[in-house]
> 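Pasting in a structure now, in structure tokens, and then I'll have a few things to ask.
In what follows, chains are A, B, ... by sequence order, proteins preceding strands, each numbered from 1.
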Amino acid sequence: MNHIVPFYIVLPLAAAFLISILGRFIKGFSKVTAGFIFFTLLCLSFFYIFSGDHSTIVYNIGGWEPVNNIPIGIYLILDPFSGFMLCIINTMAFLSALYAVSYISLYTGENYFYTLLCIMVAGLNGVVVTGDLFNLYVFLEITVIASYALVAFGTEKEELEASFKYQVLGGIATTLILFSIGMIYWYTKTLNIPDIAGILNKSPDEKIVQFCQLMLIAGFGLKAAIMPFHGWLPDAHSSAPSSISAMLSGVVIKAAGLYVIFRLFFNMFQLTYEISILITAIGTLSMVVGVFLAIGQWDLKRLLAYHSISQMGYVIIGVGMGMMILANNGNKAFASLAIMGGLFHLINHAVFKGLLFLNAGAIEYRLGTRDLNKMGGLFEKMPVTSATSLTASMAISGIPPFNGFFSKLVIIIAAVLAKYYILAALAVFVSIITLASFMKFQRYAFFNRKSIKKAVNEVKDVPFLMKFSMIVLAVLCLALSLILIPGIRDTILQPAVDVLMGKNDYYINLLNM
Amino acid sequence: MITMKGMSPIVKKVSQLISAIIFLYGIYIIVHGHLTPGGGFAGGAVLSGAFIFLVLAFGTDVLNLRREEEEASVIEGLAILIFVLMATIGLFIGIRVFFNNYLPKGQIGELISAGVIPLYNIAVGIEVGAALFTIFLALVIYKEEISK
């Protein structure tokens, strides 16, 4: 059981370079290998979650045991929160690799595509599994460098510009992150996250720690595209190939941005009320402003990209409310509920936003356009795409019985219980505007029969593997509502929440290895 | 400035002589990585420098650029695979941990010591050398295509 931890990183990394070598000589090797490896990773992630053993696994790379309880060397730490993220990452990676089997015929160089996808997944798994601050930075760079290349994959003017913008802002983000990691290392003399947590626990709240916290919020906020830092996201997510947009929007901004913010602020730093207000405030800002920017868009993928910003706001206010309640020493049950709502919305957003981007890709695959004005009447021509996108649209705008409804409901209930009435009202309000903008998408793309163009008459539905990925995700949109049933909740969601709530366990687990 | 024909015979001869020394120096830095400052990355950069030097002196007409780039990139992938394989072997030998140092450690200060670390250094050296050379060739190919 212990030894599965390094395989989350080794398998995709080895697959990436096997593909880059053997893929040149064997036709179809890249598709088969990538699919097989992602399926194995998927099984490994679910194996940890469903093994019933929610203890934390600490894995010492190179067998370097701690000396006098001071950790030396790099530790990989797999706990239920990491396991939860691993499930999301590898499920989405598997489905978008399957989807890309047909979709990638729009582009050249499928070997490079699968190589970069494997490297990106290796980086993401590394970010989630690692317990070392500098190692986290290295894996973060692996992820984002692979995604710079993937955003520019079309090598047209628009894609290159988006990728350049992404690189510049990503460069600023990594500078901020590296600088604050350096400051933390200077202050605590260690890079191991649980060890830093232990040291910060003993020392009073210093100015330098607050400075590091602000820089980390800015740095990882840039990666997560929270509102004041969102400038790169609409370009990058709309220019990438659609299977990559699904990965970027569904997984990368969560695992490389939000996961790290949650992990560091709950498990490493002391929770302070000021920081939690700051996080909740930028979450609220991105939730409200994102949706207003989204509703005016006519480019389908840009519309979806702006909605990613808005939906990330939901996740942040869910978890941020939990932070505020915990920092105020409020009712623990409310805090737990709020964090659970946030994490539940995180997994839901991965599923329905991934699905919506795959739908956008399917329309682009057949029509060759992303402009909503040039579509219309696709309901009859592409029934599977239409049905799945209707499912996802209803899920994202919070219509029961789809998963988005339940997670928004949990967040709103938690806000009302904890007496943050304004947040609850804003969450409902944003949900209504989300519904409006997705009605626009549905009407112009699928039901608008008046403006059926000639090009639309000849299209048929997409190939089987693309349909398969979309149908699996649509079923997941419905099935994930079941997570709230107590038995399933205690297996998947609650352990992850407990990791964030039980701040000191993260430190203690390491000592008691 | 890279021209198709390369530079004068004097420059070609001298760069041939010097590139061999640069290459040897790169190998020296790589294999002494566990003893002296430097190591796989620094030595790899020097190795690629030797190749880049030759390309600059001889011009692009003596090289079949695309084939060279493909070979360099295959070598790069192989080096990473070897590195990953050596790290994974640690799971099956000795204390059975990933990245376990399973070879005998030897005497401190000797060239052949420190277990697997020199082998990792060699793999990293090959990888970095091949990668930097691939990047250089990609830029040269891009320039050739633009000028056509």
Side-chain angles (χ1 to χ4, degrees), chain A residues 1-26 29-30 33 37 57-65 72-78 109 111-112 114-116 118-119 122 125-126 129-132 135 138 142 145 149 152 155 160 513, chain B residues 34 40-41 66-105 114-121 123-124 126-135 137-139 141-142 145-146:
Chain A
M1 181 72 186
N2 243 342
H3 289 298
I4 65 170
V5 185
F7 282 106
Y8 291 117
I9 303 162
V10 169
L11 280 180
L13 202 60
F17 292 98
L18 264 183
I19 288 170
S20 87
I21 296 169
L22 292 181
R24 290 165 204 267
F25 308 114
I26 307 168
F29 179 79
S30 54
T33 316
I37 289 290
I57 298 175
V58 180
Y59 191 88
N60 306 357
I61 286 187
W64 295 98
E65 297 293 336
I72 52 176
I74 295 169
Y75 290 178
L76 301 181
I77 298 176
L78 180 61
N111 279 335
Y112 295 115
Y114 280 103
T115 305
L116 288 168
C118 286
I119 293 176
N125 284 348
V129 159
T130 187
D132 185 277
N135 207 16
V138 171
I142 293 176
I145 287 175
T155 60
L160 292 175
M513 273 180 307
Chain B
H34 55 294
F41 194 95
R66 293 209 172 273
R67 214 192 71 227
E68 295 282 337
E69 193 207 6
E70 189 136 309
E71 279 170 6
S73 128
V74 167
I75 289 169
E76 180 201 347
L78 273 179
I80 295 185
L81 279 182
I82 290 167
F83 189 95
V84 170
L85 192 71
M86 284 195 298
T88 319
I89 286 172
L91 274 171
F92 304 102
I93 297 178
I95 52 170
R96 289 170 189 272
V97 186
F98 188 59
F99 264 112
N100 175 19
N101 195 339
Y102 42 83
L103 291 181
K105 307 286 187 299
V116 210
I117 292 172
L119 297 181
Y120 286 140
N121 265 331
V124 171
I126 296 171
E127 140 68 17
V128 171
L132 288 180
F133 190 52
T134 313
I135 293 170
L137 284 178
L139 291 174
I141 289 173
Y142 177 71
E145 279 176 356
I146 289 289

> Which heavy atom in A:Ser20 sits nearest to a heavy atom in B:Gly77, and how many Å separate them?
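Nearest pair, atom of A:Ser20 first, then B:Gly77: OG-CA, 4.5 Å.
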> Quick one: are A:Phe7 and B:Leu91 in side-chain contact, heavy atoms under 4.5 Å?
yes
> Checking heavy atoms, do the side chain of B:Val74, its backbone, both or neither come under 4.5 Å from chain A?
both
> To the nearest 0.5 Å, how far apart are CG in B:Leu81 and CG in A:Leu22?
8.5 Å
> Under a 4.5 Å heavy-atom cut-off, does chain B meet the side chain of A:Leu76, its backbone, both or neither?
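Answer is neither: A:Leu76 stays 4.5 Å or more from chain B.
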> Counting only heavy atoms not in A:Phe29 (residues, nucleotides, ligands), do more than 12 fall under 6.0 Å from its CZ?
yes
> What do you reckon, is OH of B:Tyr102 surrounded by more than 12 foreign heavy atoms closer than 6.0 Å?
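Correct, the count exceeds 12.
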> If I take atom CH2 from residue A:Trp64 and atom CG from residue B:Asn101, how far apart are they, to the nearest 0.5 angstrom?
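Between A:Trp64 CH2 and B:Asn101 CG, I get 7.5 Å after rounding to 0.5 Å.
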> So which atom in A:Tyr59 and which in B:Phe98 form the shortest heavy-atom distance, rounded to 0.1 Å?
OH-N, 2.9 Å
> Heavy-atom cut-off 4.5 Å, strictly under: side chain, backbone, both or neither for B:Leu85 against chain A?
neither
> Determine the minimum heavy-atom distance between B:Val97 and A:Asn60, stating which atoms define it.
CG1-O, 3.0 Å
